[in-house]
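Quick notes on the structure that follows.
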Amino acid sequence: MAPQTRRMAFPQVVIERDTDSERSSSDDEDDFDQEENGPQSESEAEGEVTENGSRGKNEEDMDSKEQRKAPITISLKKVCKVCKKPGHEAGFKGATYIDCPMKPCFLCKMPGHTTMTCPHRVATQYGVVPAPQRNTHNALEYVFQRQLRTRLPPIKPAYVIPDRVCCAVIRYHSRRVTCLEFHPTKNNILLSGDKKGQVGVWDFDKVHEKMVYTNIHTCIVNNMRFNPSNDGMVYAASSDGTISCTDMETGISSSLMNLNPDGWQGPSSWRMLYGMDVNSEKNVVLVADNFGFLYMVDMRSNNKSGEAVLIHKKGSKVVGLHCNPLHPELLLSCGNDHFARIWDMRQLKAGSSLGDLLHKRVVNCAYFSPLSGSKILTTSQDNRLRVWDCIFGNLDSPSREIVHSHDFNRHLTPFRAEWDPKDPSESLAVIGRYISENYNGAALHPIDFIDISTGQLVAEVMDPNITTISPVNKLHPRDDILATGSSRSLFIWKPKEKSEVVEQKDEGKIIICGSTEKKFKRKFGDGSDDSGGDDDGFKSKGKNFKLTKSRSKSAHCPRKVKR
DNA sequence: ATCCGATGGCTCC
DNA sequence: TGGAGCCCCTCGGA
């Protein structure tokens, strides 16, 4: 197979097909056949495995006869760890993952090919299902076209992609990061929540200062929002069943609501809060739980307002809530019942949704577009982003489906495609990628920038030192900055040219937190490892860590991935 | 180096 | 409807 290049605008990274993969079958023969009796056919090998697997009552007799005849030869023929059949083997060959050919494509879920040859991987816009031509000219759509569409400039501006890590805190959290939120007015403050319930307040202009509040929640922080009338206060919804309201300066926190006042009575009664948003027009915090219910808390009185409303299938998790930025009466919810739903806040009762957007799998998140609020973008575990171009039009099917790898659901924070809040054309979204690519010998998981109006991959950003998956990403509301939560670490990305011109005092710093500092010092290179000669040194208060820039074609990766 | 476990959703019965 | 068992690229700690 000829090497294939991925179609992309920026950065230019040539993906070389790992030649190991192409000779994998011959490798199998060479590496795994331990027989001394010469070559053996596939069927014989299979028979041998079967025999080993079904050793019955006569096994001792057979063994003794064979012992007398000839020395025992044990076949070490390996079987595929996925389908348990011999002849092929799924797993990493170097930094390239070889799929089991017996399974449907891991990326697009269609049978007949593997991820390696999936057309969506070779050219990502291949899988975009275009918007159907509809003739639905209703009055609402007419109003929308006249009043709202005119606010959007007809020509898309050039995208600015933050693609260089300018600072990072390694192991800032003690468990994996679950959510991020930029401060609404202070440009350099990033909030992060983790699986343990801790909330970090990171000033990425003062990288060395670590501030993590540990007493706010007892388990997963699922969503955070700032109080729109007091940006020193932040609300957080947690799987401990509480909404917290915390003063960012002091860390003093109060609980607005507790769904488990009697403590742990078993998993069937424990309520967890997932989706959350604030509606500043109506002065309420909206939260939803793992049993399908929506709750509202008045922000002025801090009292629960009204009764809980069943908005998704009873007993299913409601993972996302989003208030429309322009129409305060519109609410969008999504959950594990495979639906995203549009609601009228004035008529909130079970079964009265304005629209039900069906997905094939769990919906990780659903967001209105950030400026006009007239589009919807959802991330579903069926490896597809879905776009509805106009919420006032026909909602029966999405305008576009974009195949994208983000379906791993266990042990990882769910991936969420996030709008770029600065993009006036409302077409740029960012989302981490689950599947890895072989970038010059390292298996890296890029963060993708996708033009959701075309399905085209605008950019994939990665850094050779970030070998973990980055499911949590958020774009800055005003600056060209991307924040990433990857495992327990936080990263701040800026555009290359910009960060080279505007050097801030702590720019380019990496701080390693926690008890495993020595281990990470080795990993990131303190002179003792073979990380190559031309890395950029990042000096930070008496320590000297190295972090290589994201490179384009000449990218090299100091740390080979061993699997 | 290797193993293990925390975990969530899905399918099958 | 509910429980058992399964699962395909994790990640970090013992």
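To find a chain, count down the sequence lines: A is the first, B the second, and so on, and within it residues start at 1. Fair warning: this is a prediction, and the values are worked out from it, not measured in the lab.
Mapping A:Ser486 and A:Cys83 onto DNA chain C by nearest heavy atom places A:Cys83 closer to the 5' end of the strand. Map A:Ser174 and A:His411 each onto its nearest nucleotide of DNA chain C; the residue landing nearer the 5' end is A:His411.
C:dC9 atom C1' lies 15 Å from atom NZ of A:Lys93, rounded to whole Å. What separates NZ of A:Lys81 from P of B:dT2 is a distance of 14 Å, to the nearest Å. For the pair A:Gln381 CD and B:dG9 C1', the interatomic distance rounds to 8 Å; values are reported in whole Å. A straight line from CE of A:Met272 to C1' of B:dG9 spans 13 Å, rounded to a whole angstrom. Rounded to whole Å, atom P of B:dG9 lies 10 Å from atom CG of A:Asn290. At whole-Å resolution of the value, NZ in A:Lys195 and P in B:dG8 are 8 Å apart. When rounded to the nearest whole Å, the span between CG of A:Leu444 and P of C:dT10 equals 13 Å. Atom CG of A:Asp382 and atom P of B:dG9 are 15 Å apart (whole Å).
Between B:dT7 and C:dA14, the distance separating the two P atoms is 16 Å to the nearest Å. C:dC9 sits 23 Å from B:dT11 when the C1' atoms are compared, rounded to a whole Å.
For A:Thr178 and A:Asp194, the side-chain atoms include no donor-acceptor pair closer than 3.5 Å. Using a 3.5 Å distance cut-off with no hydrogens or angles, the side chains of A:Thr242 and A:Ser255 do not pair a donor with an acceptor. A donor-acceptor contact closer than 3.5 angstrom links the side chains of A:His312 and A:Ser333. Side-chain N/O atoms of A:Arg176 and A:Ser487 include no donor and acceptor closer than 3.5 Å. Checked by atom type, the side-chain pair A:His406/A:Thr379 shows no donor-acceptor distance below 3.5 Å. With 3.5 Å as the limit, one finds a donor-acceptor pair spanning the side chains of A:Glu460 and A:Tyr439.
In terms of phosphate contacts, A:Lys103 brings no side-chain nitrogen or oxygen within less than 4.0 Å of OP1 or OP2 of C:dC7. Put simply, A:His338 has a side-chain N or O that comes within less than 4.0 Å of OP1 or OP2 on B:dC10. Between A:Thr115 and C:dC8 there is no side-chain N or O to OP1 or OP2 distance below 4.0 Å.
Counting any heavy atom pair closer than 4.0 Å across all strands shown, A:Asn336 reaches sugar-phosphate atoms only and no base atom. Looking at heavy-atom distances under 4.0 Å, A:Ile469 makes contact with sugar-phosphate atoms alone, never a base. Counting non-hydrogen atoms under 4.0 angstrom, A:Arg176 reaches nothing in the nucleic acid. Within 4.0 Å (heavy atoms only), A:Ser436 reaches at least one base atom of the nucleic acid. A:Pro104 comes within contact range of at least one nucleobase, with a heavy-atom separation under 4.0 Å. At a threshold of 4.0 angstrom between heavy atoms, the contacts of A:Lys314 with the nucleic acid are absent.
Considering only the side chain of A:Arg171, C:dG12 comes nearest among C:dT10, C:dC9, C:dG12. Taking every side-chain heavy atom of A:Ile435 into account, C:dC9 is the closest of B:dG8, C:dC11, C:dC9. With distances taken from any side-chain atom of A:Arg488 to the nucleotides C:dC11, C:dG13, B:dG9, the minimum falls on C:dG13.
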Just list the side-chain donor-acceptor pairs under 3.5 Å for residues 258-266 of chain A, sequence neighbours left out, or say none.
from     : atom 1 : to       : atom 2 : distance (Å)
A:Asn258 : OD1    : A:Asn260 : N      : 2.9
A:Asn260 : OD1    : A:Arg271 : N      : 2.8
A:Asn260 : ND2    : A:Asp240 : O      : 3.2
A:Asn260 : ND2    : A:Arg271 : O      : 2.8
A:Gln265 : NE2    : A:Asp262 : O      : 3.0

Heteroatom pairs (N/O) under 3.5 angstrom, protein to nucleotides 2-6 of chain C:
none

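In this structure, A:Lys313 fails the cation-pi test against A:Phe339, since its NZ or CZ atom is not both closer than 6.0 Å to the six-membered ring centre and inside 45 degrees of the ring normal.
The line from OG1 of A:Thr484 to CD1 of A:Ile469 is 13.5 Å long, rounded to the nearest 0.5 Å.
Ring stacking holds between A:Tyr97 and C:dC9, with the centres under 5.5 Å apart and the planes within 30 degrees of each other.
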